[in-house]
Amino acid sequence: MALKDLLVHVDSSKANAGRVDAALRLAAAHDAHLTGLYVAPDQTVMPAYTEAHIPGDILEEQRRVALEKSEEAKKAFKDAADRAGVTTEWRLVEGGLTRTLSLHARYVDLLILGQANPSDQWSVSQGVVEQVLLDVGRPVLLIPYIGAPESFGERVLVAWDASREAMRAVHDAMALLEVARSVRVLSINPRKGPAGDGDLPGADISLHLARHQVKAEAAHIESEDISVGEMLLSRASDQQADLIVMGAYGHSRYRELVLGGATREILESMTVPVLMSH
């Protein structure tokens with residue numbers, strides 16, 4: 001799938017400039033159109049019992065500040081787009097963040113979203129990121145709040161477990177994999193037998209990638225003492241990967257919320273961009 005229509009979430013967080021810059025670089029590399037979407041909170045969706053206890057002037061002030069912030073973000077977005085020479089569109093929507101992001105992202109090739117930063121009041125929350133991943137039905141490229149490497153996507157690490165979600169992620173990332181300098185397919189604690197990852201974990205998907213002119217190297221490791229998420233991040237660091245491709249929520253979200261899981265670990269601790277599909 002070619003990347004020709006991209007959507008980036010724009011907000012007033014400290015990480016916004018780095019996220020927009022990464023989105024513009026990706027759009028330029030693929031000759032794609034980029035839409036910047038700023039979601040201002042809609043006071044009309046506030047529960048009546050809550051709104052009744054908040055004076056009207058405070059609600060109006062909150063709305064005024066939000067719209068003022070959106071104008072600042074719009075100017076920064078347009079200035080950055082002009083410098084990058086990318087065709088863009090600006091959208092300001094008042095509404096619920098999760099629903100608005102998911103709705104607008106269904107009509108593009110890729111949603112570019114920021115990692116949640118608990119220390120930044122203007123950052124998207126972890127809950128929103130998780131729910132969008134489950135709801136949107138499109139691939140999501142998550143940019144760490146520390147920023148993205150200058151040329152991310154050159155050295156790609158694919159997390160492979162032969163699941164539906166992993167296959168979706170590989171397919172959704174094909175346009176990036178085809179132009180990468182190196183692709184490593186990594187299976188962690190692979191399941192044995194024909195119902196699992198086969199006798200040579202990663203071999204089948206590597207062959208599929210080869211037919212798309214992607215030269216992928218398959219590897220697998222066993223890890224009993226370190227979680228899958230930690231091992232994936234460790235290998236990404238060791239191999240100087242600048243992009244991780246993986247499926248999101250192979251188990252039920254409830255199970256991952258209670259017991260933890262690779263998806264949540266990566267969302268919380270990512271150091272390079274991560275493309276996720278559910």
Side-chain angles (χ1 to χ4, degrees), residues 1-3 26 29-30 109-112 133-134 136-142 149 151-224 226-253 255-256 261-267 270-278:
M1 177 188 71
L3 296 178
L26 186 63
H30 291 266
D109 298 321
L110 180 70
L111 168 63
I112 302 163
L133 280 169
L134 292 171
V136 67
R138 307 299 295 148
V140 179
L141 178 64
L142 290 146
S151 54
F152 68 92
E154 293 188 353
R155 298 177 299 279
V156 184
L157 181 64
V158 177
W160 181 250
D161 62 1
S163 66
R164 179 190 70 84
E165 294 79 12
M167 189 64 246
R168 275 287 308 274
V170 168
H171 178 268
D172 290 339
M174 194 65 75
L176 298 173
L177 298 176
E178 289 175 342
V179 297
R181 290 186 180 181
S182 67
V183 176
R184 169 73 63 93
V185 177
L186 179 65
S187 299
I188 302 174
N189 299 331
R191 298 163 296 168
K192 306 298 182 183
D197 298 328
D199 296 330
L200 295 173
D204 290 337
I205 189 62
S206 295
L207 178 60
H208 173 67
L209 289 172
R211 289 172 177 151
H212 284 270
Q213 308 305 311
V214 177
K215 295 181 179 179
E217 177 185 350
H220 65 276
I221 54 176
E222 302 286 345
S223 174
E224 296 181 0
I226 304 177
S227 69
V228 171
E230 288 179 305
M231 180 57 71
L232 185 58
L233 289 172
S234 176
R235 283 305 174 102
S237 177
D238 291 343
Q239 297 164 17
Q240 297 184 314
D242 51 30
L243 176 67
I244 295 174
V245 172
M246 64 183 289
Y249 294 112
H251 303 295
S252 72
R253 184 176 181 228
R255 177 180 172 186
E256 293 216 10
T263 304
R264 298 202 81 211
E265 286 186 78
I266 298 299
L267 290 177
M270 69 175 70
T271 53
V272 297
V274 181
L275 186 146
M276 287 187 173
S277 296
H278 174 67

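Positions are given from 1 along the sequence.
- Closest heavy-atom contact between Glu222 and Pro190: OE2-CD, 3.8 Å.
- None of Val274, Ile188, Ile226 except one satisfies the side-chain contact (heavy atoms from CB on, under 4.5 Å) rule with Leu232; the exception is Ile188.
- Scanning both residues, Gly202 and Trp160, for their nearest heavy atoms gives CA-CD1, 4.0 Å.
- Using a 4.5 Å heavy-atom cutoff, the side chains of Leu26 and Leu110 are in contact.
- Residues Met246 and Ala159 share a closest heavy-atom pair of CB-CB, 3.8 Å.
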Name each donor-acceptor pair under 3.5 Å that joins a side chain in residues 166-186 to protein atoms two or more places apart or in another chain, with its distance.
| from | atom 1 | to | atom 2 | distance (Å) |
| --- | --- | --- | --- | --- |
| Arg168 | NH1 | His278 | O | 3.3 |
| Asp172 | OD2 | Ser277 | OG | 2.6 |
| Arg184 | NH2 | Glu217 | OE1 | 3.4 |
| Arg184 | NH2 | Glu217 | OE2 | 3.2 |

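- Taking every heavy atom of both residues into account, Gly229 and Ile266 meet most closely at O-CD1, 3.8 Å.
- Asp242 approaches Ser151 most closely through the heavy-atom pair OD2-O, 3.4 Å.
- The two residues Asp109 and Ala2 make their nearest non-hydrogen contact at OD2-O, 3.4 Å.
- Residues Leu275 and Val140 have side chains not in contact (no heavy-atom distance under 4.5 Å, counting atoms from C-beta outward).
- Note that CG of Leu142 is 10.5 Å distant from CD1 of Ile112, once rounded to the nearest 0.5 Å.
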**OP:** List the steps, then state whether side-chain contact (heavy atoms from CB on, under 4.5 Å) holds for Leu157 with Val245.
**Re:** CA-CA 6 Å; Leu157 181 64; Val245 172; over 6 Å; no
**OP:** Kindly determine whether Leu233 and Glu265 satisfy side-chain contact (heavy atoms from CB on, under 4.5 Å), including the steps that lead there.
**Re:** CA-CA 9 Å; Leu233 289 172; Glu265 286 186 78; 5.8 Å; no
**OP:** Might you work through the side-chain contact (heavy atoms from CB on, under 4.5 Å) test for Tyr249 and Met276, ending with a clear yes or no?
**Re:** CA-CA 9 Å; Tyr249 294 112; Met276 287 187 173; over 6 Å; no
**OP:** May I have the step-by-step check of side-chain contact (heavy atoms from CB on, under 4.5 Å) for Ile244 and Val272, ending in yes or no?
**Re:** CA-CA 7 Å; Ile244 295 174; Val272 297; 4.0 Å; yes
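- Residue pairs meeting the ring-ring contact (aromatic ring centres under 6.0 Å, His included) criterion with at least one member in residues 200-219, sequence neighbours excluded: His208-His212.
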